[in-house]
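First the structure, in the form of structure tokens, and then the observations on it.
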Amino acid sequence: MGSALLAAACSAAPRDARTEPGSASGGDARVGLPSSHVHGVARDPGDGALLLATHEGLFRYGTDGPKRVSPIIDLMGFTIAGADHYYASGHPNVVMELPQPMGLIESTDGGSSWKVLSRGGESDFHALARAGDTVVAFDGQLRRSPDGRSWQTSSIPAEPRSLASDPTGTRILATTPAGLLISTDKGATWTPSDGGPLLLLVSWADKQTAVGIGPGGAVAISRDAAKTWRTTGTTEQAPQAMSARLTRAGLEILVVTENRVLTSKDGARFTEATT
């Protein structure tokens, strides 16, 4: 059975989860990164808030720096299911109410509280994606779930560094040391993405546009559902997390490096993100 965790149940959690300033422990206080370990970056589709999933919990990033919105838990895997609706995995840190590892956990209130859906004490999903009604995750074994509670195992040719589904759930990309893989059946089977570059991280901006970053920081963009790619530019070295989305203003790429959150409209020119 799943167990619930309320932010108030953790003594280290903020009383007002949306207003506590972020800790700079292990990060860069000058630019306000909350942690030296940022595992995920994304926008909430409801209010557009910039979210950072870190070793010290989930943060909303603003002009005055990051503010913690969750208990102090280690979010190794993180994906967004909808407005204020997130899935994650990782470690409980000091939160004794959670199992070690946490398995698949869910928040439906913007990260303030979390509940364990399944595999508590069993799985630490470092790669995690939601493809339509299916959760696809990797903990040493590729696993798929239609409801976040019951799981099936699948094979994948190489260990995925990251997983990303297009908004329709039709295609999933997996970055691996052996090259880019693609699935068109929600992770049941995988084939090499012919002509795809070697990528460390990948994200879908919409159902046709995918953005990836190589191990050295090279940015590549596909406009035809990952069939062909064009290298556009480079970021700073050692990208930790990235995401992409298409808005009315155009393409937005977010990249977290060792000490900054960067944003770009074309993958060639990056500036520091403030909100």
Side-chain angles (χ1 to χ4, degrees), residues 38-43 53 76-80 125-131 136-138 142 154-247 250-271 273:
V38 177
H39 303 300
V41 59
R43 295 272 187 190
M76 296 298 299
F78 179 76
T79 191
I80 292 181
F125 295 120
H126 284 208
L128 182 63
R130 185 174 184 265
V136 182
F138 187 81
L142 189 74
S154 297
S155 61
I156 188 168
E159 180 174 335
R161 293 164 167 163
S162 65
L163 297 166
S165 171
D166 73 12
T168 67
T170 303
R171 300 177 184 87
I172 306 174
L173 291 174
T175 64
T176 82
L180 191 63
L181 302 174
I182 188 166
S183 174
T184 56
D185 53 12
K186 299 185 179 180
T189 60
W190 298 84
T191 57
S193 178
D194 294 336
L198 182 65
L199 299 175
L200 179 66
L201 304 169
V202 70
S203 176
W204 290 87
D206 66 4
K207 65 181 182 179
Q208 291 294 319
T209 307
V211 181
I213 300 181
V219 179
I221 297 178
S222 173
R223 301 282 187 176
D224 57 6
K227 295 176 183 176
T228 62
W229 296 79
R230 179 175 62 90
T231 301
T232 64
T234 59
T235 70
E236 293 187 4
Q237 296 295 311
Q240 295 189 23
M242 67 87 58
S243 68
R245 66 172 186 157
L246 203 63
T247 70
L251 179 65
E252 179 190 49
I253 303 169
L254 294 169
V255 178
V256 179
T257 67
E258 289 181 340
N259 58 9
R260 297 195 295 171
V261 180
L262 303 175
T263 182
S264 175
K265 294 181 179 180
D266 58 8
R269 293 170 295 276
F270 281 83
T271 59

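Predicted model only: the values in this text are computed from it and were never measured.
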Sequence-distant partners of A129, side chain to side chain contact (heavy atoms under 4.5 Å, CB included), two or more places apart: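 In terms of side chain to side chain contact (heavy atoms under 4.5 Å, CB included), with neighbours along the sequence ignored, A129 is linked to L163.
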Listed partners of Q208 passing side chain to side chain contact (heavy atoms under 4.5 Å, CB included), at least two apart: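 With neighbours one apart ignored, the set is D206, A225.
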Side chain to side chain contact (heavy atoms under 4.5 Å, CB included) assessment of I253 paired with L251: CA-CA 7 Å; I253 303 169; L251 179 65; 4.0 Å; yes
Could you list the residues that satisfy side chain to side chain donor-acceptor pair (under 3.5 Å) with [X], not counting sequence neighbours?
X	result
S154	R144
T232	none
T234	none
S222	D224

Side chain to side chain contact (heavy atoms under 4.5 Å, CB included) between W229 and I221, intermediate numbers included: CA-CA 5 Å; W229 296 79; I221 297 178; 5.6 Å; no
Of all residues at least two apart in sequence or in a different chain, which pass the salt bridge (charged side-chain N to carboxylate O under 4.0 Å, His left out) check with [X]?
X	answer
R43	E252
D266	R269
R171	D166

With F125 via ring pair (Phe, Tyr, Trp, His ring centres under 6.0 Å) - residues at least two apart: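 Result, ring pair (Phe, Tyr, Trp, His ring centres under 6.0 Å) vs F125: W151.
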Pairs involving residues 174-186, ordered by first then second residue, that meet side chain to side chain donor-acceptor pair (under 3.5 Å) (sequence neighbours left out):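 For residues 174-186, and leaving out neighbouring residues, the side chain to side chain donor-acceptor pair (under 3.5 Å) pairs sorted by first residue read D133-K186, S162-T175, S183-D185, D185-T189.
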Counting only pairs under 3.5 Å, give me each side-chain donor-acceptor contact of residues 194-205, with atom names and distances, residues two or more places apart or in other chains.
residue : atom : partner : partner atom : Å
S203    : OG   : A244    : N            : 3.0
W204    : NE1  : A164    : O            : 3.2

Side chain to side chain contact (heavy atoms under 4.5 Å, CB included) assessment of E159 paired with F138: CA-CA 8 Å; E159 180 174 335; F138 187 81; 3.2 Å; yes
